[in-house]
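We count residues from 1, following the sequence as given.
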Amino acid sequence: MGHVVKFCKELFLQQSVTRKRTLPPHPKSNLKSIVGVDLGIKSLATLSTGEVIEGAKSYKRYESKLSRLQCLNRRKVIGSNNWKKIQLKIARLHRKIANIRKDTLHKLTTLLAKNHGTVVIEDLNIKGMLANRKLAKAVLDMGFYELRRQLTYKCKLYGSKLVVVDRWFPSSKTCSHCGTKKETLLLRQRVFECKYCGFTSDRDLNAAINLSKAVS
């Protein structure tokens, strides 16, 4: 019985030690710069400054290993020592995947909140994206919910402002150079081309610039 308790503790419990200490206040941002952030599946974020931040895609990286472990687990007798060992390996791998994703998001959100006075993102319809079976895994792997949560508290922490633009704002369809709006823009079209002024740009960069202009 002792090894079962030990396994359960290692698998499900997280021990934390709370210490009373005074943290130094974070320096407040005095920057006036506005940055638009276009979130996506191909790249985690494209900034209006031209920077492109790649997502960790940790689930995709370890998906085959996780599938193998889960397949092995199904062949074991529930409650046996071998079953417990594989259960523990699966739990550890899930934790590793989550930690890699969180680390990438922390670096991005700190970069944005600390170095820009205003951060502009779009109110993504994440529930709708998850309803698409072809996109669901990739959407979850990027961690959009966690990214917004981190941005919300970090902008307050550093004294910057987070602006969430309405999801119907046509950031992708609008020319960031002349303001002309396209009637249609297919998902497979990765380059934005304005027939009115001749401006061409990466689709995501064009959207990010439009987001930055939405509050300027």
- Polar side chain donor-acceptor pair, Glu54 to Ser43, under 3.5 angstrom: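 Looking only at side-chain atoms, Ser43 and Glu54 do form a donor-acceptor pair, the distance falling under 3.5 Å.
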- Query: Looking only at side chains, do Lys154 and Thr109 share a donor and an acceptor under 3.5 Å apart?
  - Reply: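 Thr109 and Lys154 do have a side-chain donor-acceptor pair below 3.5 Å.
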Without swapping roles, check the side chain of [X] against the backbone of [Y] for a donor-acceptor pair under 3.5 Å.
X: Asn210; Y: Asn206; value: yes
X: Ser58; Y: Ile97; value: yes
X: Ser80; Y: Val77; value: yes
X: Thr174; Y: Ser171; value: no
X: Asp38; Y: Ala208; value: no
X: Thr118; Y: Ile34; value: no
X: Lys213; Y: Ser176; value: yes

Taking [X] first and then [Y], would you say they form a salt bridge - that is, a charged N and a carboxylate O separated by under 4.0 Å?
X: Lys173; Y: Glu183; answer: no
X: Lys42; Y: Asp204; answer: no
X: Lys107; Y: Asp103; answer: yes

Can you name the closest pair of heavy atoms from [X] and [Y] and give their distance?
X: Gly79; Y: Lys84; result: O-CE, 3.0 Å
X: Lys134; Y: Asn132; result: N-OD1, 2.9 Å
X: His116; Y: Val119; result: CB-CG2, 4.5 Å

Pairwise distance [atom1]([X]) to [atom2]([Y]) - rounded to 0.5 angstrom:
X: Ser67; Y: Leu72; atom1: OG; atom2: CG; result: 11.0 Å
X: Thr104; Y: Glu146; atom1: OG1; atom2: CD; result: 11.5 Å
X: Arg148; Y: Leu124; atom1: CZ; atom2: CG; result: 8.5 Å
X: Leu111; Y: His106; atom1: CG; atom2: NE2; result: 14.0 Å
X: Met142; Y: Lys60; atom1: CE; atom2: NZ; result: 8.5 Å
X: Ile100; Y: Leu105; atom1: CD1; atom2: CG; result: 12.0 Å

- Task: Could you please spell out the steps behind the salt bridge (charged side-chain N to carboxylate O under 4.0 Å, His left out) verdict for Arg101 and Asp141?
- Result: CA-CA 8 Å; Arg101 182 186 301 122; Asp141 205 11; 3.2 Å; yes
- Does some side-chain heavy atom of Asp123 sit less than 4.5 Å from a side-chain heavy atom of Trp168?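 Trp168 vs Asp123: side chains apart.
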- Query: Hey, are the side chains of Val37 and Leu112 touching, using non-hydrogen atoms and a 4.5 Å cut-off?
  - Reply: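 They are in side-chain contact.
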- Message: Hydrophobic cluster membership, with links at side-chain heavy-atom distances under 4.5 Å among I/L/V/M/F/W/Y: are Tyr153 and Leu108 in one?
- Response: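 No: no chain of side-chain contacts under 4.5 Å links Tyr153 to Leu108.
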- In sequence, state the C-alpha distance, the side-chain angles, and the governing distance for Gln70 and Ile86, and then conclude on side chain to side chain contact (heavy atoms under 4.5 Å, CB included). CA-CA 8 Å; Gln70 290 171 335; Ile86 295 178; over 6 Å; no
- Message: Classify the ring geometry of Phe192 against Phe199: parallel below 30°, tilted from 30° to 60°, perpendicular beyond 60°.
- Response: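 If you compare the ring of Phe192 with that of Phe199, the planes turn out tilted.
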- Are Lys57 and Tyr62 in a cation-pi setup, meaning NZ or CZ lies under 6.0 angstrom from the ring centre and within 45 degrees of the ring axis? no
